[in-house]
2 protein chains.
Amino acid sequence: MTQYDVVIQYRKGRYIIEYENFAKEMNRGYLQLLVMVLLQESMYGYQIVRELEKRNYIIEENTLYPLLRRLNNKKILQSNWEIVEGKPRKYYQISEDGKKVLEKLIDIWLRQNQLLKNLLGGSKDV
Amino acid sequence: MTQYDVVIQYRKGRYIIEYENFAKEMNRGYLQLLVMVLLQESMYGYQIVRELEKRNYIIEENTLYPLLRRLNNKKILQSNWEIVEGKPRKYYQISEDGKKVLEKLIDIWLRQNQLLKNLLGGSKDV
DNA sequence: TTTACATACTGTGCGTGACACAGTATGATG
DNA sequence: CATCATACTGTGTCACGCACAGTATGTAAA
């Protein structure tokens, strides 16, 4: 915690650089979109975490599992259990309703991208 | 509300298509990024709403004003009042701390973009 | 052999921000 | 003189990211 740090607050027993919070917010919406895109092929939770890890994107298990459950409850995803090597795995895939929502989200994402690209005006290669 | 609609729930006196909720989530993080990018030049709230409207991006006043206040409280933004044509206007600009956060957010955004682009595999022109 | 780590889930609760709702005040237009 | 555009303020609700805590199996190291 130096003069160079950004905005600091004490929470849950440690100092939080405020941009950790902003980073969190950046995930909202995006993670849902990401998961829906991935689950066009059937996958289980742990597999998703590892797959994204390989692609240098860290998603917390604490984030992903509740997310999968929520999307499942909303019928955005479908799921089925399989026993593999004595351990149960819950496989998820996007549902027909989910595909419709996914389309909308990709639309939004494209529009957001376009706008930001314009505002940054070529200073970033997006 | 037809068989073609996606996921429906009744709230606040009307039916909500579930993807409105997903759309909402898509704004989290992104709006903060957007505002920080815009406020590299000094602007006031109402002006931001109209400016984005021109660019076909609707941001609710109910969303923007609280957002500006929050970012101001966190010293991400600075503000000053001016009286124009007898009416007070609160002008905001990004602060030095804010610029550091903005850089991080753009990084995150670029990484998210890259990953999603890869996953969508050329099927979308991003 | 027991300790520890990887695998693969479950449940509950907190904090934050998008947006709803409500309100204030001025100037211009009809 | 009513209504609309301008330009803010304050407070409350709800959903989601993530923290925290727990369960259970298989495997590798000490």
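Letters go in sequence order (proteins before strands), and every chain restarts at 1.
Contact annotation: A:Lys87 side-chain N/O to D:dT23 OP1/OP2 distance is not under 4.0 Å. Taking side-chain N and O atoms only, B:Thr63 has no distance below 4.0 Å to OP1 or OP2 of C:dA18. Between A:Gln32 and D:dA15 there is no side-chain N or O to OP1 or OP2 distance below 4.0 Å. For B:Tyr46, no side-chain nitrogen or oxygen approaches OP1 or OP2 of D:dC8 to under 4.0 Å. Proximity of A:Lys90 to the phosphate of C:dT7: no side-chain N or O atom is located under 4.0 Å from OP1 or OP2.
Both A:Leu31 and B:Val84 lie close to DNA chain D; mapped to their nearest nucleotides by heavy-atom distance, the more 5′-ward contact belongs to B:Val84. Looking at which nucleotide of DNA chain D each of A:Glu25 and B:Tyr44 is closest to, the 5′-most match is held by B:Tyr44.
Nucleotide C:dT12 holds its P atom 18 Å from the OH atom of A:Tyr65, rounded to whole Å. Distance, B:Asn73 CG to D:dG10 P: 10 Å, rounded to whole Å. As rounded to whole Å, 14 Å separates atom C1' of D:dA15 from atom NZ of A:Lys24. Distance, A:Leu68 CG to D:dC16 P: 13 Å, rounded to whole Å. Remark: P of C:dT10 and CZ of A:Arg70 are 13 Å apart, rounded to the nearest angstrom. In this structure, the CD atom of B:Glu60 is 12 Å from the C1' atom of C:dC21, given to the nearest Å. The separation between B:Arg69 atom CZ and C:dC19 atom C1' is 12 Å, rounded to whole Å. When rounded to the nearest whole Å, the span between CD of B:Glu61 and C1' of D:dA5 equals 10 Å.
Note on A:Asn27: only backbone sugar-phosphate atoms sit closer than 4.0 angstrom, heavy atoms only; bases stay farther off. Nucleic acid contact for B:Gln47: none, since no nucleic acid atom lies under 4.0 Å from a heavy atom of the residue. At a threshold of 4.0 angstrom between heavy atoms, the contacts of A:Pro88 are confined to the sugar-phosphate backbone, with no base atom among them. Here B:Arg28 lies in heavy-atom contact (under 4.0 Å) with a base.
Among the nucleotides D:dC8, C:dT16, C:dA18, the one closest to any side-chain atom of B:Leu67 is C:dA18. Comparing D:dC8, D:dC18, D:dC20 by their nearest atom to the side chain of A:Asn62 picks out D:dC20.
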- Verdict with reasoning, B:Gln112 to A:Tyr57, per side-chain hydrogen bond (donor to acceptor under 3.5 Å, both in side chains): CA-CA 8 Å; B:Gln112 288 180 340; A:Tyr57 202 89; 3.3 Å; yes
- Task: Go through the steps to decide whether A:Lys75 and A:Glu96 satisfy the test salt bridge (Lys or Arg N to Asp or Glu O under 4.0 Å), and finish with yes or no.
- Result: CA-CA 9 Å; A:Lys75 314 292 181 208; A:Glu96 286 309 308; over 6 Å; no
